[in-house]
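Note that ligands are numbered from 1 as they come in the structure, with each ligand's atoms numbered from 1 the same way. Treat the numbers as computed from the prediction; the structure is a model and nothing was measured.
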Amino acid sequence: MADIIKLLPDHVANQIAAGEVVQRPASVVKELLENAIDAGAQTIKLIVKDGGKTLIQVVDDGSGMSETDARLSFERHATSKIQQAEDLFKLATKGFRGEALASVAAIAHVEMQTKPEGAELGTHLKIEGSNIIFQEVKVVPKGTSLSVKHLFFNIPARRNFLKSNQVELRHITDEFHRVALAHPNIAFHYYVNGSELFNLPKSNLRQRIVHIFGSKTNQKLVPVEEETQVVKISGFINRPQFSKKSRGEQFFFVNNRFIKSPYLHHAVLSAFEGLIKPENHPGYFLYLEVDPASIDINIHPTKTEVKFDDEHTLYAILRSTVKHSLGQFNVVPALDFETDPNLETPYAFKDKDAELPKVAVDATFNPFAEPGTKHVATQAYRKAHRSGTGDKHWESLYVGLESKVGKDTDFSSLQFESDTITGSIFEGKLDSMESLATTFQLRRKYIVTTIKSGMVVIDQSRAHQRVLYEKFLRNSTIKEAVSQQLLFPLSLSFSKTDVLLLDGIRDTLTAIGFVFDRIEGESVEVTGVPLSVPESEVGIVLDQLIADCQQEVGGESFSQTDVLSKTLAKTLAVKTGEVLDSASQLALVNDLFACKEAMVSPFNKPVYVTITENDIDKKFI
Ligand code: ADP
Ligand code: MG
């Protein structure tokens with residue numbers, strides 16, 4: 001058999017390498033920014049157009065390159081940063097693989113202008129798809145300017161795979177944040193489509209964080225500081241009460257390199273345990289310094305994963321350091337997340353007058369206990385058996401029932417389907433509500449009502465989510481949203497990127513009933529809100545919306561209206577634990593069964609179950 005193995009031509013090898021190094025415009029941004037930092041730049045400019053698809057340019061005032069180096073820098077495995085294998089274990093630079101420029105030049109149009117310190121003239125070089133178009137001597141400032149145009153011009157499949165400009169820009173901005181946070185001592189300018197989005201002067205870390213995430217960030221930051229033989233930890237964590245629904249502000253840097261580490265993340269999470277709601281995420285900016293020889297950053301071409309020699313020790317130190325800061329800065333007592341009024345004031349029944357309980361203290365009452373624990377069961381038992389009104393205090397199992405049918409009635413008065421009601425209503429359809437209308441609330445969680453064939457148990461929160469979801473969807477598609485004018489415009493502050501995100505979905509928000517006076521910089525001025533959104537909830541709704549959009553943004557089926565309607569439904573829906581009066585119960589049931597898809601919540605969870613008479617009969621055999 002003839003020999004068939006051949007060495008790949010360089011430009012093909014480069015294209016293949018590019019597949020690993022350059023996934024999207026943000027990857028190019030990362031590599032170029034890191035090169036500028038490695039070159040010792042004091043000021044770095046990042047210029048981006050159309051989500052990086054049209055242009056990515058990085059201008060630095062660093063060391064620059066000689067004519068030969070300028071040419072060589074585009075060769076694969078060409079690097080000035082390591083010379084021998086041992087150097088890998090004492091890396092002090094961001095780059096070392098010598099792949100980035102070669103990869104980028106293989107899949108884009110690249111133009112470089114560079115001049116080293118002291119040289120009179122610099123070099124101007126143009127490369128397209130690994131082919132040198134020209135190289136000339138030129139008068140240029142000290143440092144390097146590298147522009148990348150038409151990314152993936154020769155790989156249409158990759159180009160088509162790119163997301164919208166808005167999504168790609170978001171990835172770029174994330175990358176920019178990471179680099180800028182790792183280097184507060186370098187000034188950064190970031191221009192998007194011709195206007196300056198960030199101007200970050202050289203500063204300390206706290207100032208850098210505040211410059212990026214907005215002035216209200218300052219009060220959130222709690223310093224973290226620890227030095228051991230294994231690791232030096234510094235940075236900030238956000239106070240627990242500012243934890244957010246979005247994962248947004250979570251940053252680990254190891255030796256000034258941004259890394260992702262689920263393991264270390266877990267260490268921080270566990271330090272926050274009990275201080276934040278389970279669905280919230282703590283914010284942190286943590287900088288770890290370790291001996292370069294004790295880590296391996298070469299396990300992935302994008303270098304965002306790191307292997308530590310002694311992960312377990314690091315975990316323990318990190319966890320206790322964060323805990324220590326939380327304690328030391330006295331942030332623990334400030335916690336105030338269980339504000340669900342139903343858990344704290346069990347007397348808040350709508351239909352009852354306030355009444356002094358005879359036994360004021362229940363020593364076994366545990367507000368954190370799951371409903372359905374022994375205590376509640378005891379109450380239920382007592383309730384079913386009591387004859388007087390003596391101890392009808394707090395926990396009522398059948399709230400709606402009680403208010404409707406009187407306090408001394410028990411199960412016998414429940415109106416199950418009677419033969420006298422006519423009309424051919426089939427399984428799953430409710431009986432004519434006006435006439436029958438028996439609903440009751442079970443454990444502040446379910447609404448129970450009868451149907452022809454038996455009964456339905458409805459999850460109140462999911463049902464309401466479904467109702468609201470369909471309402472918002474409808475409003476936004478037929479554009480008949482009614483908004484309510486606020487008496488005083490509401491001014492809310494967010495980080496610049498969050499404001500940008502809101503601006504991006506402004507049309508959808510408007511269609512649903514929001515009215516904005518201004519969305520710019522770090523603030524948003526709201527002058528009108530959809531009818532069903534209470535003014536006090538606007539901030540929460542927008543926060544949640546930002547979180548949800550961030551999460552969705554990478555997904556294929558990102559529909560703003562859908563995300564928005566889901567967010568509003570989730571945030572505004574009645575929650576488990578809320579007591580509903582009979583009128584609300586009934587209205588909810590009516591609204592639910594008028595929905596197009598009453599069976600499932602907007603998040604694809606079952607909304608109700610039916611229990612047929614047959615099912616019940618079987619239990620009695
Ligand atoms: P690496 O960063 O891994 O060395 P790159 O392909 O990113 O590989 O860059 C190749 C070389 O080009 C670098 O080692 C460096 O010497 C030079 N270089 C790249 N960008 C710059 C820059 N902005 N300023 C000065 N030198 C640069
Ligand atoms: Mg590099």
Checking side-chain polar atoms at under 3.5 Å, does Ser145 have a donor or acceptor matched by the opposite partner on Gln57? yes
Examine the side chains of Glu196 and His189 and answer whether a donor and an acceptor come within less than 3.5 Å of each other. yes
Is the shortest distance from a Lys or Arg side-chain nitrogen in Arg71 or Glu75 to a carboxylate oxygen in the other one below 4.0 Å? yes
Pi-cation contact, Phe494 with Lys216 (under 6.0 Å, within 45°): yes
Ring pair (Phe, Tyr, Trp, His ring centres under 6.0 Å): pairs with one or both residues in residues 30-63, sequence neighbours excluded: none
Atom 25 (C) of ligand 1 sits nearest the protein heavy atom Ala39 CB, 3.5 Å
Cation-pi check for Phe161 against Lys163: NZ or CZ below 6.0 Å from the six-membered ring centre and within 45 degrees of the axis, yes or no? yes
Does a side-chain N-to-carboxylate-O contact under 4.0 Å join Asp174 and Arg178? no
I'd like to know whether ligand 1 has Ser63 as a neighbour, heavy-atom separation below 4.0 Å. yes
Under 2.8 Å from the Mg ion (ligand 2), which protein N, O or S atoms are there? Could you list them by chain and number? Asn35 OD1
Carboxylate-amine/guanidinium contact Asp503 Arg506, below 4.0 Å: yes
Test: side chain to side chain donor-acceptor pair (under 3.5 Å). Region: residues 259-275. Which pairs qualify, not counting sequence neighbours? Tyr263-His312, His265-Tyr284, His266-Tyr315, Ser270-Arg319
Taking only heavy atoms of Thr79, which atoms of ligand 1 are found under 4.0 Å from at least one of them? 1 (P), 4 (O), 14 (O)
May I ask whether Glu31 has any heavy atom positioned less than 4.0 angstrom from an atom of ligand 1? no
the protein heavy atom lying closest to atom 6 (O) of ligand 1 turns out to be Leu101 N, 2.9 Å
Between Asp60 and ligand 1, find which residue part has any heavy-atom pair under 4.0 Å and reply side chain, backbone, both or neither. side chain
Could you tell me whether Thr144 approaches ligand 1 through its side chain, its backbone, both or neither, with non-hydrogen atoms closer than 4.0 Å? side chain
Examine Ala102 against ligand 1 and note whether any of their N/O atoms are separated by less than 3.5 Å. no
Give me each pair satisfying side chain to side chain donor-acceptor pair (under 3.5 Å) with a member in residues 202-211, each pair once, sequence neighbours excluded. Arg206-Asn218
Looking at ligand 1, does any of its N/O atoms fall within less than 3.5 Å of an N/O of Ala100? yes
